There are 2 protein chains.
Amino acid sequence: MTESNFFCSFGSPSKKSEVMAKKVTIYDIAREAGVGIGTISRVLNDHPSVTPETRKKVIEVAKRLNYQPHTYAQRLARRQSETISAVIPFFTNYFFIEVLRGVQDKISELGYDLVLYGVERPDQVEGYAARALQRGKVDGILFFSMKVPDKVLARLKETNLPIGLVDAVSPEFDSISVANAEGAYAATAHLLELGHQSVGMINAQPVSAPALERLQGYRRALERHGISFSDELVRIGRNTKQDGFNRDAGYEAMMEFVKMGSGMPKAFFVSSDIQAMGAISALSENGFRVPEDVALVGFDDIELARHMRLTTMRQPMFQMGVLAIERLVARMANPDMEILHTTFSPTLIVRESCGALTRNQN
Amino acid sequence: MTESNFFCSFGSPSKKSEVMAKKVTIYDIAREAGVGIGTISRVLNDHPSVTPETRKKVIEVAKRLNYQPHTYAQRLARRQSETISAVIPFFTNYFFIEVLRGVQDKISELGYDLVLYGVERPDQVEGYAARALQRGKVDGILFFSMKVPDKVLARLKETNLPIGLVDAVSPEFDSISVANAEGAYAATAHLLELGHQSVGMINAQPVSAPALERLQGYRRALERHGISFSDELVRIGRNTKQDGFNRDAGYEAMMEFVKMGSGMPKAFFVSSDIQAMGAISALSENGFRVPEDVALVGFDDIELARHMRLTTMRQPMFQMGVLAIERLVARMANPDMEILHTTFSPTLIVRESCGALTRNQN
DNA sequence: GCCGAATGCGGAAGGGTTTCCATCATTTTC
DNA sequence: GAAAATGATGGAAACCCTTCCGCATTCGGC
């Protein structure tokens, strides 16, 4: 873009501040430069059919007058907003930051603006969607980590606005997500392959799609390794905040396992790192050490995980953000593009909590 | 162009979806309702001088036609953007989320839009500022946790746009910050009052204002307790990422202390929680337990701190975000308002790392 | 030296609102 | 009952840009 050209001019700053930011329009430039407004616009938008001399003169005048195009007049006339909005639940914390990072990276590379709608409570989604859907407001919307309410879904389909889903899936929109089942499979398999015969799972609320998928993967891993699945070995904490993906739920679930006494598994796949934190607290309160007495594998690879030496499944969050924008922009350019669903595979990050490292050292 | 209105009959939702969201303008409503466009605008903006019947009719028609005002046409005509932009460094992680949460909360309460510019590298600031400064684009800008480059600063003063600083201070703009010195004082004093005669400090790079202020507070606490300050007892890690507020720097600094042998202090004030994480790793690698062998107090109260049982100074981040917006909006309403600087006092959160609590008390 | 094509350019017409002013209708006041 | 005040309304103008149409000029080819 060319705005930056006008941003930083050479003239004496003291002088300029006296001039006082009077709103300069293309008409002013046109008059001053002795040309028509059409020409001004053409110069500023790098339209080819302008002679080099005219162009030079116009640019000179524009700079001298310290011209700044009016964003909203441009957007109105161009019939596009150069804006993308993102509806993101704040409570996903680290996940959300990382994805947002990717989103922002790509968005600013493309010269778009990002309008952020941070969701604290599910009921806010509808209001935000309504705002984002205001006519002309944005060129596209990204929804993160949430089941879009049916009501909103219907409205989204009505408008022809490009929509993208991240960390969520719906047949009607492009989506970028993580292979939850596959990740859970890998995590569980890792524990099994370390020799554990009995692997428990701490899951989140089954209303959450990721929770369900992770359970699937866990189950499949057991089966492939010839171990029969048992309801007894899957526990869910009572705390339902964030669909059970919270620290206390992990604590509660592990406490239940501890109560099993000698029948308690010595290895666990925990459906999120944050739950694993709680689980570890519960363990240490009961005198179990990790990984010496109990092995754990989490899911997400949030920042804490590294500090806690937690073995976990990493989601390529930054990349997901980048791809989400790329996909959205592609759809803006070509609305009839076939709907695309991309799933990223999480990768196993081996740290200490699973016991694999200590084992190798011996 | 407008014929579709005539085909658009009442009810029948199936029909509606076929009609396809044709852009409805106030002219369409005016024609349909048999009134002038001025009246439409008045109704939609709750202007008083419209009869109840007219109002009712207009609203009915607007609803029937599924009218949506065009955001940018409004903003152009109203001469205001109903948008605030925030320039935030992403790397502050948890701090940034929490503040952003407060910002978002207030902003959406006020019906504004938030345009986010996430900074990864300092050199991006200038570009973002230029974008935010585009004529008419935003009604105000908030800068977070950064020293605004002089070049940009000059530019900001030139435009009369309301500007706010959060977690940073400059005489020319409103600011919301944290009393770093005071917090450092409290943290250090806490350790001293627990009976420690020798308290070390792990600091960040002195180019950072917060680092400097925290050092001040540490120093003052020592003095007030009749203990002389010693350069030896302040260490800074070599890793300069994020001005030294990073995990590795904390690790490195603590390693230096460990090398002191028996002269090593048994209590430390660490200038950020994230550095404290590194410090703890260094300690545990060298056989020191926290808090039995060494007491620590951090600063920030990031999420990790709770999980690590780290005693620390909490910054009221959410509130800071809320206040930042309130202040900015106040300045928009009254640009001649006196410049206001608000500092929040951090509060001491006592957990286990300082040794003040026994393990069982939690 | 002529003709058609190519090129540069001016400015009207849009884009969709808000706002202000004049107009007309209705009350109020004396 | 006339004059004045009040209130609702229509619509032009303004907000500031992009785009398109058509005109004028230049250029290349023969």
Side-chain angles (χ1 to χ4, degrees), chain A residues 1-3 6 21-59 61-62 65-83 133-139, chain B residues 1-2 5 21-59 61-62 65-83 134-139:
Chain A
M1 286 252 137
T2 52
E3 300 98 84
F6 305 107
K22 238 322 177 215
K23 35 202 173 153
V24 182
T25 73
I26 52 170
Y27 285 89
D28 299 321
I29 304 180
R31 192 168 4 84
E32 196 83 359
V35 298
I37 55 160
T39 302
I40 307 298
S41 179
R42 275 181 289 256
V43 169
L44 298 178
N45 293 298
D46 284 328
H47 188 95
S49 62
V50 185
T51 46
E53 307 93 77
T54 312
R55 163 161 283 129
K56 191 168 155 252
K57 185 169 54 181
V58 169
I59 288 179
V61 173
L65 299 185
N66 193 22
Y67 171 76
Q68 296 260 101
H70 188 112
T71 316
Y72 299 123
Q74 286 183 318
R75 292 184 179 175
L76 180 59
R78 285 183 183 154
R79 264 148 276 202
Q80 60 145 315
S81 68
E82 286 156 330
T83 299
L133 249 29
Q134 275 191 35
R135 184 133 149 275
K137 177 106 144 229
V138 302
D139 291 340
Chain B
M1 178 205 261
T2 52
N5 293 332
K22 238 339 191 194
K23 35 198 175 159
V24 183
T25 74
I26 52 169
Y27 284 88
D28 299 320
I29 305 181
R31 190 169 7 80
E32 196 82 359
V35 298
I37 56 161
T39 302
I40 306 298
S41 179
R42 276 182 289 259
V43 169
L44 298 178
N45 292 297
D46 285 327
H47 189 96
S49 64
V50 184
T51 46
E53 307 93 78
T54 313
R55 162 160 282 127
K56 190 167 156 253
K57 186 170 54 181
V58 169
I59 287 179
V61 174
L65 299 186
N66 193 23
Y67 170 76
Q68 296 259 98
H70 188 112
T71 315
Y72 298 125
Q74 286 184 319
R75 291 184 180 175
L76 180 58
R78 285 182 184 155
R79 264 148 277 203
Q80 62 147 311
S81 67
E82 288 156 329
T83 299
Q134 275 190 36
R135 182 131 152 277
K137 177 105 146 232
V138 301
D139 291 340

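From a predicted model like this one, the values you see are computed outputs, not experimental measurements. Note that these values count all heavy atoms, side chains included, but never hydrogens, waters or copies made by symmetry. Numbered from 1 within each chain, the chains take letters A, B, ... in sequence-line order.
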Trainee: Tell me the interatomic distance from B:Glu53, atom CD, to D:dT9, atom C1', rounded to whole angstroms.
Mentor: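 Between C1' of D:dT9 and CD of B:Glu53: 13 Å.
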Trainee: Base, sugar-phosphate alone, or nothing: which one does A:Thr25 contact when heavy atoms must sit under 4.0 Å apart?
Mentor: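 Answer is sugar-phosphate: A:Thr25 comes under 4.0 Å of backbone atoms only.
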Trainee: Just by modelled atom types, is the B:Ala77 backbone N or O under 3.5 Å from a matching donor or acceptor in the B:Arg79 side chain?
Mentor: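 Looks like yes, one N/O pair under 3.5 Å.
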Trainee: Find which nucleotide of DNA chain D each of B:Arg55 and B:Arg79 is nearest to by heavy atoms, and output the residue with the more 5' nucleotide.
Mentor: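 Mapping each residue to its closest nucleotide by heavy atoms, the 5'-most match is B:Arg55.
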Trainee: Tell me which residues in residues 26-43 of chain A lie within less than 4.0 Å of DNA chain C, going by non-hydrogen atoms.
Mentor: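 Hits under 4.0 Å, by residue number: A:Gly34, A:Val35, A:Gly36, A:Ile37, A:Gly38, A:Thr39, A:Arg42.
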Trainee: Rounded to the nearest Å, what distance is computed from the NE2 atom of residue A:His47 to the C1' atom of nucleotide D:dT18?
Mentor: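 Between C1' of D:dT18 and NE2 of A:His47: 11 Å.
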Trainee: Please say which of B:Thr54, B:Val43, B:Val61 ends up in a side chain to side chain contact (heavy atoms under 4.5 Å, CB included) with B:Val35.
Mentor: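 In the set B:Thr54, B:Val43, B:Val61, the residue that makes a side chain to side chain contact (heavy atoms under 4.5 Å, CB included) with B:Val35 is B:Thr54.
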Trainee: Do A:Thr83 and A:Arg75 pair up side chain to side chain, a donor and an acceptor below 3.5 Å, judged on atom types alone?
Mentor: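 Yes, A:Arg75 and A:Thr83 have a side-chain donor paired with an acceptor closer than 3.5 Å.
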Trainee: How many whole angstroms separate atom CZ of A:Arg78 from atom P of D:dC20?
Mentor: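 Going from CZ in A:Arg78 over to P in D:dC20 covers 14 Å.
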Trainee: Under a 4.5 Å cut-off applied to non-hydrogen side-chain atoms, are A:Pro69 and B:Arg135 in contact?
Mentor: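 No - every pair of side-chain heavy atoms lies 4.5 Å or more apart.
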Trainee: How long is the line joining CZ of A:Arg75 and C1' of D:dC17, in whole Å?
Mentor: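 Rounding to the nearest Å, CZ of A:Arg75 and C1' of D:dC17 are 13 Å apart.
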Trainee: Round to a whole Å and report the spacing from CD of A:Gln74 to C1' of D:dT19.
Mentor: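 Answer to the nearest Å: 14 Å.
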Trainee: Check the distance between C:dG15's P and A:His70's NE2 and give it to me in whole angstrom.
Mentor: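 Nearest whole value for this atom pair: 19 Å.
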Trainee: So B:Tyr67 and B:Ile26, do their side chains get closer than 4.5 Å, heavy atoms only?
Mentor: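 Yes - at least one pair of side-chain heavy atoms lies under 4.5 Å apart.
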Trainee: Measure CG/A:Leu44 against P/D:dT19 and give the value in whole Å, please.
Mentor: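 Checked: the CG to P distance equals 12 Å.
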Trainee: Going by atom types alone, do A:Arg55 and A:Thr39 pair a side-chain donor with an acceptor below 3.5 Å?
Mentor: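 Side-chain D/A pair, A:Arg55 to A:Thr39: absent.
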Trainee: For a quick check of understanding: with a heavy-atom distance under 4.0 Å over all strands, which category does B:Gln68 fall into, base, sugar-phosphate or nothing?
Mentor: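 Contact class for B:Gln68: sugar-phosphate only.
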Trainee: Does D:dG7 have OP1 or OP2 sitting under 4.0 Å from an N or O in the side chain of B:Thr51?
Mentor: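 It does not, given that no N or O in the side chain of B:Thr51 lies less than 4.0 Å from OP1 or OP2 of D:dG7.
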Trainee: Answer yes or no: is there a side-chain heavy-atom contact under 4.5 Å between B:Leu76 and A:His70?
Mentor: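 A side-chain contact exists here, since the closest heavy-atom pair is under 4.5 Å.
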Trainee: To the nearest Å, how far apart are B:Tyr72 OH and C:dG15 P?
Mentor: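 Checked: the OH to P distance equals 18 Å.
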